[in-house]
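Throughout, protein chains are lettered first and strands after them, A, B, ... in sequence-line order, and every chain is numbered starting at 1. Note that the coordinates shown come from a computational prediction; the quantities given were computed from them, not determined experimentally.
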2 protein chains.
Amino acid sequence: MSLPEAVQYLPHIAYDSVIFGFSGEKLKILLMEYHNTGWFALPGGFVKINEPLDEAVSRGLRERTGLESIYLEQFYTFGSLERVRPEAMRKILQAQHKVVPEKHWLFERFISVGYYALIDYTKVEPQPDALSDSIDWYDVDAVPQLLFDHNHIVEKALEHLRTHLDQKLLSVNLLPERFTMKELQQVYEAILGEKQNRANFQRKMLSLGILERHEKLYSGGSHKAPYLYSFIVQN
Amino acid sequence: MSLPEAVQYLPHIAYDSVIFGFSGEKLKILLMEYHNTGWFALPGGFVKINEPLDEAVSRGLRERTGLESIYLEQFYTFGSLERVRPEAMRKILQAQHKVVPEKHWLFERFISVGYYALIDYTKVEPQPDALSDSIDWYDVDAVPQLLFDHNHIVEKALEHLRTHLDQKLLSVNLLPERFTMKELQQVYEAILGEKQNRANFQRKMLSLGILERHEKLYSGGSHKAPYLYSFIVQN
DNA sequence: TCAAAAGTGTTCAATCTACACCCATGG
DNA sequence: CCATGGGTGTAGATTGAACACTTTTGA
């Protein structure tokens, strides 16, 4: 894998993605660690000259997670000057390549479009890219210090996710195709960061009319078997 | 006024602004008409090399409306390929300048960040820029056909404005400093596109705790004088 | 037959909606 | 003293939160 070439990308434009996954208990996000620096950052990328923005983000996610057709939502575009940190970028390149030119397109200012994704944690084997030596899951309530304004970006993503949770059936990709009501509730609780009342949660979800009920799941537990549900995919 | 020079702006990045105003009855937006083409478009602009994105948009608005410190909200970033319409841009330049070079930075692809603003309709004398020969108010429910994807951008802005109306005290800049409850209600009705119940609207607004009541306004009408209100500006 | 988890019912309070009523004002 | 618009009161419906009760399952 080689470094990205300037010529094929739109200059000054990047995207950063906050990739949420659900472990069965906690909400997590994918973070990269750069070679030999101890620095963490969000996975991001650049947009090709003749590539739609949305497609660029999908491509990046595909490369890093191997997943096709995942839920993606754009939430904000970051364009302040505090974002500009050429020295940091220089150190990242230096940590990997002995010779770094005085000028490099990665040292320029970038305006970055923020996206978040919701994916099935269990289906992913995260792939590091050329600049990072590891990529891994971290609890959203224990995110380390990140480069640039990436902590701020994570905050904004979480806020957006929380306030739009009901309207869209966001949880689609955080769970397997079929799931129990308890699992769905755990997803909500992990995202909102607070316990929900079981009985009321069930009623509320069913009243939304977005769930289809299937046969019961005999879990082997010594208790009543729960129904399985799936989301009704509309148009 | 001269054409924008490529060198001072970030390439491939633009913003488009949907500027809402309230006439006392209807919600309106500002649209530009290009010289000798009959084409309409949203007012937009570019970001200088060392300028924060937000500041670039404020600057553009200041130049076009003369207003300082107005409510601005970023709502979406548009990056599809359907946006790219070099022929249209060429015609716009041709309509004004006899000689147009084969290549020009304005013919390149742009990713555009959408913002909307809420301003006091009565305080503005819209200023056309170098490319447009007029800029004027149009009813939101009678927007003409616009260039590029600008009709789509207006749709998105309206949708965002409607769904976030309660949370933020958005109406701040659509009305004069002090206003009656009836005026505020008219703003809401114009934005939401539906009548509100007078009594309940009053209670709801007061319960939000964001309004300060002032002395009564003796309007001269033969009826009870209404109170004046202003928004309480917090932190 | 017991414990645990799932599904459903019930109650009470808070909120929303519609409409009624009274008040201030100028003609 | 009447018409008009503004402010507040109230009954009924709707929604939401808390908690109780019943059912199913394997041990």
Side-chain angles (χ1 to χ4, degrees), chain A residues 22-25 162-167 169 171 175-232, chain B residues 22-25 162-167 169 171 175-232:
Chain A
F22 179 62
S23 68
E25 200 176 327
R162 284 182 178 142
T163 55
H164 293 79
L165 196 52
D166 282 350
Q167 299 146 44
L169 51 163
S171 319
L175 290 171
E177 170 81 20
R178 298 198 173 182
F179 47 87
T180 65
M181 192 58 80
K182 183 185 180 74
E183 290 171 323
L184 183 59
Q185 183 173 346
Q186 285 172 323
V187 169
Y188 263 70
E189 289 175 347
I191 292 175
L192 297 177
E194 57 188 30
K195 291 272 173 238
Q196 306 286 117
N197 178 291
R198 185 177 59 86
N200 297 334
F201 180 83
Q202 166 127 335
R203 252 187 306 266
K204 182 183 163 191
M205 283 302 122
L206 292 179
S207 77
L208 292 176
I210 59 171
L211 292 180
E212 190 176 357
R213 180 178 276 185
H214 302 283
E215 79 288 1
K216 291 195 170 190
L217 168 70
Y218 288 83
S219 57
S222 51
H223 52 77
K224 194 170 181 177
Y227 289 107
L228 285 179
Y229 295 89
S230 67
F231 287 106
I232 299 170
Chain B
F22 180 61
S23 69
E25 200 175 329
R162 282 181 179 144
T163 56
H164 293 79
L165 196 52
D166 281 348
Q167 300 145 46
L169 52 164
S171 319
L175 289 170
E177 172 80 20
R178 297 196 174 188
F179 47 86
T180 64
M181 192 57 79
K182 184 185 180 77
E183 290 172 323
L184 182 59
Q185 183 173 346
Q186 285 172 322
V187 169
Y188 264 70
E189 290 175 346
I191 291 175
L192 297 177
E194 58 188 27
K195 290 269 173 246
Q196 305 286 117
N197 178 291
R198 183 178 60 86
N200 298 333
F201 180 82
Q202 165 127 337
R203 251 187 307 265
K204 182 182 162 189
M205 284 302 121
L206 293 179
S207 76
L208 291 178
I210 58 171
L211 293 180
E212 190 176 355
R213 181 179 275 185
H214 302 282
E215 79 287 3
K216 293 195 169 192
L217 167 70
Y218 289 83
S219 58
S222 48
H223 53 75
K224 197 170 179 175
Y227 289 106
L228 284 179
Y229 295 89
S230 67
F231 287 105
I232 298 170

How many whole angstroms separate atom [atom1] of [X] from atom [atom2] of [N]?
{"X": "B:N200", "N": "D:dT8", "atom1": "CG", "atom2": "C1'", "answer": "11 Å"}
{"X": "A:M205", "N": "C:dA6", "atom1": "CE", "atom2": "P", "answer": "16 Å"}
{"X": "B:N197", "N": "C:dT17", "atom1": "CG", "atom2": "C1'", "answer": "7 Å"}
{"X": "A:H223", "N": "C:dG7", "atom1": "NE2", "atom2": "P", "answer": "10 Å"}
{"X": "B:K224", "N": "C:dG27", "atom1": "NZ", "atom2": "P", "answer": "19 Å"}
{"X": "A:L206", "N": "C:dG7", "atom1": "CG", "atom2": "P", "answer": "9 Å"}
{"X": "A:E194", "N": "D:dA17", "atom1": "CD", "atom2": "C1'", "answer": "13 Å"}
{"X": "A:Y227", "N": "D:dT23", "atom1": "OH", "atom2": "P", "answer": "14 Å"}

Under 4.0 Å between any heavy atoms, over every strand shown, what does A:K204 touch: base, sugar-phosphate, or nothing? Just pick one.
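No contact.
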
Inter-residue atom distance A:R203.CZ - A:N197.CG, 0.5 Å rounding:
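A:R203 CZ to A:N197 CG: 8.0 Å, rounded to 0.5 Å.
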
Check B:R178 with B:E215, please: is the shortest side-chain N to carboxylate O separation under 4.0 Å?
yes

Is the backbone of B:T180 close enough, under 3.5 Å, to the side chain of B:E183 for a donor and an acceptor to pair up by distance?
yes

Kindly say whether A:Q196 contributes a backbone atom to a donor-acceptor pair with the side chain of A:E189 at under 3.5 angstrom?
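Indeed, once roles are kept as given, a pair shorter than 3.5 Å links the two residues.
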
Considering only C:dT8, C:dG7, D:dG7, which nucleotide approaches the side chain of B:P226 most closely?
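Among the listed nucleotides, the one closest to the side chain of B:P226 is D:dG7.
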
Ignoring hydrogens and angles, does a donor from either the side chain of A:R203 or the base of C:dG9 sit under 3.5 Å from an acceptor on the other?
yes

Any N/O donor-acceptor pair, A:R198 side-chain to C:dG7 base, under 3.5 Å:
yes

Terminal axis angle for the helix from C:dT1-D:dA27 to C:dG27-D:dC1, five pairs an end, nearest 10 degrees:
10°

Under 4.0 Å between a side-chain N or O of A:Q202 and OP1 or OP2 of C:dA6?
no

Is the B:F231-B:F179 ring centre distance short of 6.0 angstrom?
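For B:F231 and B:F179, the ring centres are under 6.0 Å apart.
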
Are A:R213 and A:Y227 in a cation-pi contact, defined as NZ or CZ under 6.0 Å from the six-membered ring centre and within 45° of the axis?
yes

What orientation do B:H164 and A:H164 show, parallel under 30°, tilted 30 to 60°, or perpendicular over 60°?
tilted

